[in-house]
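Computed over heavy atoms, backbone and side chain alike; hydrogens, waters and symmetry mates excluded.
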Amino acid sequence: MTFDQTEYEYEDFSECRPEEGKISRIKFRHCDFRAADFTDFATESCVFQECNFTAARLGASVHQGSAFLNCRFSLARLFSAEFHHCKMTGSDFGGADCLGLLIDGGDWSLTSLQEIDFGRMSLTDVNFRGSDLQNAVFEKARLSGCSFEGANLSGATFKNADLRTCNIQGLDPFSVTLTGAKIDMEQAVYIAFCHGAKYTP
């Protein structure tokens, strides 16, 4: 099938396999993409609002400046998918396969990313504000300029991760694993404050 319109609403694209390899500036609202095959597919400046990608195959897909707002990616296959400066606000990734996922900037606020493995990933300027990251794994991840302000990080592990320059305001150091993590001075002062210490120059 081909996407030859500029807007789609309440359409059923379940189990589809697009013929074109890339789409640009198309808007989808309340569309069903369950079990659709978007392997090696690309989007640019597209908008997907409240769409269902449950069990969809998005392996090696590339998304540039697209928005996935309040979408469902439960059990989706995102192996080696790339999201460059995308807006993912409110989307649910419960049970998704995110091995090799690449996230380059973008707004991932208020997303559900419970138990997602970000281990060894390199994440730069990603906004995770208010997201549900319970039991997420950031082991040996390189995190630069990311914001975790107000995120639920209960049970998350940052073992041997590089957190320098990240906003960790609101992080509860008693509910996460920080063994071997690299932190900057501002973060060290914040964590010490959480333990009751007082910085005195």
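To the nearest 0.5 Å, atom SG of residue Cys146 and atom CZ of residue Phe128 are 6.0 Å apart. With values rounded to the nearest 0.5 angstrom, Gln64 atom CD is found 10.5 Å from Ser24 atom OG. Rounding to the nearest 0.5 Å gives a distance of 13.0 Å between SG of Cys51 and NZ of Lys27. A distance of 11.5 Å separates OG in Ser45 from CD1 in Ile26, rounded to the nearest 0.5 Å. To the nearest 0.5 angstrom, Phe138 atom CZ is 7.0 Å from Leu123 atom CG. Atom CG of residue Leu113 and atom CG of residue Asn152 lie 11.5 Å apart, to the nearest 0.5 angstrom.
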Tabulate below the donor-acceptor pairs under 3.5 Å that side-chain atoms of residues 168-178 make, not counting sequence neighbours, or state none.
unit_1 : atom_1 : unit_2 : atom_2 : d
Asp172 : OD1    : Phe174 : N      : 3.0
Ser175 : OG     : Asp172 : O      : 3.1

Side-chain polar contacts of residues 68-90 - donor-acceptor pairs under 3.5 angstrom, sequence neighbours left out - could you list them?
unit_1 : atom_1 : unit_2 : atom_2 : d
Glu82  : OE1    : His84  : NE2    : 2.8
His84  : ND1    : Asp104 : OD2    : 3.2

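By the rule that hydrophobic residues join a cluster once side-chain heavy atoms approach within less than 4.5 Å of another member, Ile183 and Val137 end up as members of separate clusters. Follow the hydrophobic side-chain contacts under 4.5 Å out from Leu102 and you never reach Met121; the two are in separate clusters. Leu110 and Phe118 sit in two unconnected hydrophobic clusters of ILVMFWY residues. Membership requires side-chain heavy atoms under 4.5 Å apart, directly or through other members. Criterion: ILVMFWY side-chain heavy atoms under 4.5 Å apart, direct or through other members. Under it, Ile23 and Met1 are part of a common hydrophobic cluster. Residue Leu163 is grouped with residue Ile116 when hydrophobic side chains (ILVMFWY) are merged at heavy-atom distances under 4.5 angstrom, including chains of intermediate members.
In this structure a side-chain-to-backbone donor-acceptor pair under 3.5 Å is present from Asp184 to Thr165. Ser91 places no side-chain N or O within 3.5 Å of a backbone atom of Thr111 that could act as its donor or acceptor partner. Between the side chain of Ser112 and the main chain of Gly94, no donor-acceptor pair closer than 3.5 Å is present. Side chain of Ser66 to backbone of Cys46: a donor-acceptor contact under 3.5 angstrom is found.
A salt bridge (charged side-chain N to carboxylate O under 4.0 Å, His left out) check over residues 38-51, counting only residues at least two apart or in different chains, returns the pairs Lys22-Glu44. Counting only residues at least two apart or on different chains, the salt bridge (charged side-chain N to carboxylate O under 4.0 Å, His left out) pairs with a member in residues 119-141 are Arg129-Glu149. Judged as a salt bridge (charged side-chain N to carboxylate O under 4.0 Å, His left out), the pairs with a partner in residues 8-21 (not counting sequence neighbours) are, in order, Arg17-Asp37.
For the side chain to side chain contact (heavy atoms under 4.5 Å, CB included) criterion with Phe148, the lone passing option out of Asn127, Val126, Leu143 is Leu143. In summary, of the residues considered (Phe48, Phe93, Phe41), a ring pair (Phe, Tyr, Trp, His ring centres under 6.0 Å) with Phe53 occurs for Phe48 alone.
Residues His63 and Leu58 share a closest heavy-atom pair of NE2-CD2, 4.1 Å. Arg29 approaches Glu7 most closely through the heavy-atom pair NH1-OE1, 3.2 Å. Considering all non-hydrogen atoms of both residues, Phe38 and Ser61 come closest at O-CB, 3.7 Å.
Between Phe28 and Phe33, the ring planes are perpendicular. Angles over 60° get that label, and only those under 30° would be called parallel.
Taking Gln5 as the reference, Tyr8 meet the side chain to side chain contact (heavy atoms under 4.5 Å, CB included) condition, with sequence neighbours excluded.
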